[in-house]
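Numbering of ligands and ligand atoms starts at 1, following listing order. Computation of the quantities below employed the complete heavy-atom set of this structure, encompassing side-chain atoms and omitting hydrogens, waters and symmetry-equivalent molecules.
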Amino acid sequence: MEKAVAGLRGRVTFDALLRGYTSFKIGGPADVLVEPADIDDVCRLLAQASATKLPLFVIGGTNLLIRDGGIRGIVVSLSKLRTIREEAGAVLYAEGGVGMPTLIGYAIRRSLAGLEWAAGIPGTVAGCVVMNAGTRLGEMKDSVKAVQIVSPKGAFIHCPAESIDFRYRRATLPPGVVVGVWLQLRAGVRSDIGQIVKDYLHYRRNTQPLTLPSAGCVFKNPLNDSAGRLVETWLDRMLG
Ligand SMILES: Cc1cc2nc3c(=O)[nH]c(=O)nc-3n(C[C@H](O)[C@H](O)[C@H](O)COP(=O)(O)OP(=O)(O)OC[C@H]3O[C@@H](n4cnc5c(N)ncnc54)[C@H](O)[C@@H]3O)c2cc1C
């Protein structure tokens, strides 16, 4: 285990309790939790981990149920990969650990429209690509231009959106850690974008128990219907 994490510049914690890293606020220990200092640190970690053949699992923490027994091997959190920059043509680049709420705030300040649908989703941008996170207003595949991955051997892979198979709440990507995402947005009016986000957050606050530990939705929506509506209809029938 020590060999896999030798020389890393980020934070390395042995027997790290994961409950503080999940929105469910539960989860036992990781043998070792690594928070790489930057993308180069991720490359080094993956190369060393594959040489030692230790299993490696990446967490953002908001769509995960981690058992009390925890996770064996290496758990990686990209909590320190938080760079965001605007590139030419209304493109935003975000490192994998950037939280969606932070990214939406940045897009509003830059008057960039296209991410309003994601208001209220608490995951990292990388986790949202892997899950093809979405709401009734849109989903990640609508905005992804390209994804930067570090392969299990520690090499960079550039994946244009056209090469990614986005499905309902999942995306098929090459194995590895998503360390950066390019999003194609469009120029908008700052106050309009801010208002849409505000209204949608208001709607979510009124319809979802956001202050309680959860991982958001649990059930898959059937075609042309909502799991929430079906559960509530069933509850109404059962209760009364
Ligand atoms: C209150 C609340 C509301 C929510 N609302 C929504 C919603 O409206 N729509 C929606 O789609 N989801 C929603 N979610 C669920 C969750 O936020 C999304 O699924 C999000 O995409 C998960 O991102 P994460 O970074 O937390 O990833 P995690 O949940 O930690 O991981 C999900 C999967 O992605 C993998 N993964 C994570 N990061 C990486 C990486 N860097 N590289 C490779 N693999 C990685 C993990 O190994 C795991 O398999 C909600 C959750 C909460 C708590």
Discussion item. Check Asp165 with Arg167, please: is the shortest side-chain N to carboxylate O separation under 4.0 Å?
Written reply: yes

inquiry  = Taking Cys217's backbone N and O only, do any of them form a donor-acceptor pair with Gln208's side chain (distance below 3.5 Å, no angle check)?
reply    = no

Quiz item: Is there a donor-acceptor contact under 3.5 Å from the side chain of Thr102 to the main chain of Val98?
Solution: no

Here the atoms of ligand 1 under 4.0 Å from any heavy atom belonging to Thr135 are 8 (O)

The protein heavy atom nearest to atom 37 (C) of ligand 1 is Gly127 CA, 3.8 Å

Candidates Gly216, Gly134, Gly176; heavy atom nearest atom 9 (N) of ligand 1 found on Gly134

Note: Arg204, heavy atoms under 4.0 Å from ligand 1, region reported as side chain

| request: Verify, without hydrogens or angle tests, whether Glu86 (side chain) and Leu92 (backbone) share a donor-acceptor contact under 3.5 angstrom. | output: no

Here the atoms of ligand 1 under 4.0 Å from any heavy atom belonging to Ala126 are 40 (C), 41 (N)

Within the 4.0 Å heavy-atom cut-off, what Val130 brings close to ligand 1 is side chain

All heavy atoms of Ala227 vs all of Phe219, minimum pair found to be CB-CB, 3.6 Å

- Is a donor on one side and an acceptor on the other found under 3.5 Å between the side chain of Asn132 and the backbone of Tyr168? no

Heavy-atom proximity to atom 12 (N) of ligand 1 ranks first, among Ile121, Leu78, Val181, Ile149, for Ile121

In ligand 1, the atoms that come under 4.0 Å of a heavy atom of Ser214 are 1 (C), 53 (C)

message: Taking Asp225 first and then Arg229, would you say they form a salt bridge - that is, a charged N and a carboxylate O separated by under 4.0 Å?
response: yes

With no hydrogens and no angle check, is any side-chain donor or acceptor of Ser214 less than 3.5 Å from a backbone partner on Leu210? no

Any heavy atom of Ala215 under 4.0 Å from ligand 1? The part involved is backbone

closest protein heavy atom to atom 22 (C) of ligand 1 is Thr62 OG1, 3.4 Å

Honestly, for Ala133 the part within reach of ligand 1 (heavy atoms, under 4.0 Å) is both

For Ala16 and Leu33 the tightest heavy-atom approach is CB-CB, 3.6 Å

Go through the steps for Asp38 and Arg9 under the test salt bridge (Lys or Arg N to Asp or Glu O under 4.0 Å), then give the verdict. CA-CA 8 Å; Asp38 51 29; Arg9 287 170 292 109; 2.8 Å; yes

Atoms of ligand 1 under 4.0 Å from any heavy atom of Ile59, numbered from 1 in the order shown, are 30 (O)

Rounding to 0.5 Å, atoms CZ (Arg67) and CD1 (Ile26) come to a distance of 12.5 Å

Among non-hydrogen protein atoms, atom 29 (O) of ligand 1 lies closest to Asn63 N, 2.7 Å

Within 4.0 Å of some non-hydrogen atom of Ser23, the atoms of ligand 1 are 53 (C)

Arg169 heavy atoms within 4.0 Å reach ligand 1 at atoms 11 (O)

Per-atom filter on ligand 1: closer than 4.0 angstrom to a heavy atom of Leu64 are 28 (P), 29 (O), 30 (O)

When distances are taken from atom 36 (N) of ligand 1, the protein heavy atom at minimum range is Val58 O, 4.0 Å

Note to self: Quiz question: by atom type and distance under 3.5 Å, do the side chains of Trp117 and Glu139 form a donor-acceptor pair?
What the structure shows: no

Atom 33 (C) of ligand 1 sits nearest the protein heavy atom Met131 SD, 3.8 Å

Q) Between Tyr21 and Glu35, is any side-chain donor less than 3.5 angstrom from a side-chain acceptor? A) yes

shortest atom 28 (P) of ligand 1-to-protein heavy-atom contact is with Gly61 N, 3.6 Å

So the atoms of ligand 1 within less than 4.0 Å of a heavy atom of Gly60 turn out to be 24 (P), 25 (O), 26 (O), 27 (O), 28 (P), 30 (O)

Honestly, for Thr124 the part within reach of ligand 1 (heavy atoms, under 4.0 Å) is both

Decide whether an N or O pair under 3.5 Å exists between Cys217 and ligand 1. no

Rounding to 0.5 Å, atoms CG (Leu103) and CG (Leu185) come to a distance of 7.5 Å

among protein heavy atoms, the one nearest atom 41 (N) of ligand 1 is Val178 O, 3.0 Å

